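The structure appears right after this line, and notes come after that.
Here the structure is a predicted model, which means the values were calculated and not measured. When a ligand or atom number is given, it counts from 1 through the structure's own listing order.
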Amino acid sequence: MTPQEIQKIEPALQGKYYGGFYTPSDSTGDIHKFTRGLAAACLRKGAAFVHDVNVENVETAGGRLSVTWASERHAEPQRTAMAFDKLVICAGVESRRLAGLLGDRVNIYPVKGYSITANLETRESQAASPQVSLLDEAAKIVTSRLGQDRFRVAGTAEFNGFNRDIRADRIQPLTDWVRCNFPGIDTSKIVPWAGLRPMMPNMMPRVSAGRVPGVFYNTGHGHLGWTLSAATSQIVARLVDASAFANASA
Ligand SMILES: Cc1cc2nc3c(=O)[nH]c(=O)nc-3n(C[C@H](O)[C@H](O)[C@H](O)COP(=O)(O)OP(=O)(O)OC[C@H]3O[C@@H](n4cnc5c(N)ncnc54)[C@H](O)[C@@H]3O)c2cc1C
């Protein structure tokens, strides 16, 4: 795209640009809304969820898979152990530890990222905020417009183990980027966030069967977990189905 075309596609974008790429099929969404909606759809299909627990152990016992978790709601942890036929490990940066308990090496490491969400409370802020999702290649910053009144800006790759602190010196560059590129947005009310991307060294997710029969992995999606999730779930579902078929015909 030429600078003129960029201006036509996203008039809110300020600043001087030499050129850009435009992907009409690109889209954005509210991940919180999506996952809550997906969970509700799973419940309608008969799934059961166990929330606010910490999976402490996974082991094979008597030819079945045993999972032990502790409730996080009680002062004294209350443990539950349950046996399963099959298990899909998708525990983000914790997948490595769980895989280790099952004799698999899943070399996931945490890469911390940060985002800010600007609440667009005035008409001026809403008009000054872009509708098209943007990727600033040089600054390594991506943006999403979430409905009429929120604008999210994300970036940064920090190597700091499992630390989840939200550092002011990481948030400031994101705010400065907004102020520089979209000076009409009021940044006095931003919501900062930090999360750990479950990253594999080759940046490809691990979607495969494990060493122990009945164990599968769907994890390590790094910086593109939502983007890839539907496709990799389909792949792992096929693997699980195929193993059920193999067991039935054995
Ligand atoms: C700033 C930032 C911006 C991003 N932007 C995008 C984007 O625009 N598009 C995109 O596609 N991706 C994006 N990502 C990446 C995306 O967030 C991840 O790839 C995705 O969240 C990975 O999903 P997951 O379910 O595999 O792991 P997680 O989201 O980490 O979920 C793992 C879950 O397992 C639970 N868990 C772990 N261990 C245990 C245990 N022992 N017991 C019980 N529960 C456990 C955790 O509590 C958590 O709920 C971004 C990430 C960051 C940090």
Side-chain angles (χ1 to χ4, degrees), residues 23 26-36 38-39 42 49-59 67-73 77-82 84 87-102 106 108-117 132-136 139-146 150-160 162-167 170-171 173-175 177 190-200 203-208 216-233 235-236:
T23 313
D26 195 18
S27 55
T28 62
D30 183 334
I31 186 63
H32 186 248
K33 226 175 176 177
F34 176 83
T35 47
R36 297 296 286 247
L38 183 61
C42 291
F49 289 95
V50 181
H51 291 296
D52 299 324
V53 299
N54 180 35
V55 172
E56 294 180 335
N57 195 27
V58 186
E59 59 190 343
V67 180
T68 306
W69 62 81
S71 168
E72 291 177 341
R73 287 210 183 120
Q78 297 188 352
R79 292 199 166 76
T80 306
M82 212 180 260
F84 295 90
L87 212 58
V88 179
I89 309 271
C90 45
V93 293
E94 271 278 303
S95 297
R96 182 182 180 141
R97 182 182 73 81
L98 297 180
L101 295 170
L102 294 160
V106 178
I108 286 174
Y109 56 99
V111 178
K112 203 199 311 189
Y114 293 80
S115 77
I116 55 169
T117 304
V132 175
S133 70
L134 301 169
L135 161 61
D136 182 336
K140 302 272 182 278
I141 281 177
V142 292
T143 77
S144 311
R145 178 74 180 261
L146 303 175
R150 282 182 306 152
F151 176 50
R152 184 164 293 163
V153 176
T156 316
E158 181 184 306
F159 296 83
N160 197 1
F162 289 79
N163 178 289
R164 290 173 192 268
D165 293 351
I166 302 177
R167 282 172 49 173
R170 302 281 193 219
I171 294 299
L174 299 176
T175 312
W177 186 89
I190 58 142
V191 180
W193 178 80
L196 301 179
R197 303 181 188 94
M199 196 72 89
M200 294 287 284
M203 295 172 81
M204 294 293 284
R206 174 79 178 265
V207 189
S208 66
F216 301 86
Y217 294 95
N218 182 20
T219 188
H221 298 67
H223 62 305
L224 285 177
W226 189 14
T227 312
L228 301 174
S229 60
T232 63
S233 318
I235 296 168
V236 84

For ligand 1, which is the ligand I care about here, please tell me if N54 has any N or O atom under 3.5 Å from one of the ligand's N or O atoms. yes

Would you find more than 12 non-hydrogen atoms of other residues, nucleotides or ligands less than 6.0 Å from R97 atom CZ? yes

For W226, atoms of ligand 1 separated by under 4.0 Å from a heavy atom: 10 (C), 11 (O), 12 (N)

Which atoms from ligand 1 have a heavy atom of E94 less than 4.0 Å away? 37 (C), 38 (N), 41 (N)

Do you see a protein non-hydrogen atom under 4.0 Å from atom 19 (O) of ligand 1? yes

So, applying side chain to side chain donor-acceptor pair (under 3.5 Å) with R152, which one of D30, T28, T143, T117 is it? T117

Quick check on contacts: which atoms of ligand 1 are under 4.0 angstrom from a heavy atom of H223? 6 (C), 10 (C), 12 (N), 13 (C), 14 (N), 15 (C)

Among all the protein's heavy atoms, is there at least one whose distance to atom 6 (C) of ligand 1 comes out below 4.0 Å? yes

If the plane angle is over 60° it's perpendicular, under 30° parallel, otherwise tilted; pick one for Y109 and F159. parallel

For ligand 1 and P198, I'd like to know whether there is a polar contact (N/O to N/O, distance under 3.5 Å). no

For atom 45 (C) of ligand 1, is the nearest protein heavy atom under 4.0 Å away? no

Starting from atom 42 (N) of ligand 1, what is the nearest protein heavy atom, named by residue and atom, and what distance separates them? V55 N, 2.7 Å

Would L228 count as being in polar contact with ligand 1, using the rule that some N or O on each side must be under 3.5 angstrom apart? no

Distance under 4.0 Å to a non-hydrogen atom of G225: what atoms of ligand 1 satisfy this? 10 (C), 11 (O), 12 (N), 15 (C), 16 (C), 18 (C), 19 (O), 20 (C)

Taking only heavy atoms of L224 into account, list the atoms of ligand 1 that are under 4.0 Å away from them. 10 (C), 11 (O), 12 (N)

Is any side-chain heavy atom of E94 closer than 4.5 Å to one of V55? no

Measuring from the heavy atoms of T219, does anything fall under 4.0 Å of ligand 1? no

Any non-hydrogen protein atom less than 4.0 Å away from atom 27 (O) of ligand 1: yes

Tell me which protein heavy atom sits closest to atom 30 (O) of ligand 1, plus the residue, atom name and distance to 0.1 Å. G92 CA, 3.7 Å

Examine G222 against ligand 1 and note whether any of their N/O atoms are separated by less than 3.5 Å. yes

Close approach of W69 to ligand 1, heavy atoms, under 4.0 angstrom: no

Would a search of protein heavy atoms around atom 23 (O) of ligand 1 find one under 4.0 Å away? no

Report, in ascending order of atom number, the atoms of ligand 1 lying under 4.0 Å from any heavy atom of V53. 42 (N), 43 (C)

Applying a strict 4.0 Å limit to heavy atoms, is V142 in contact with ligand 1? no

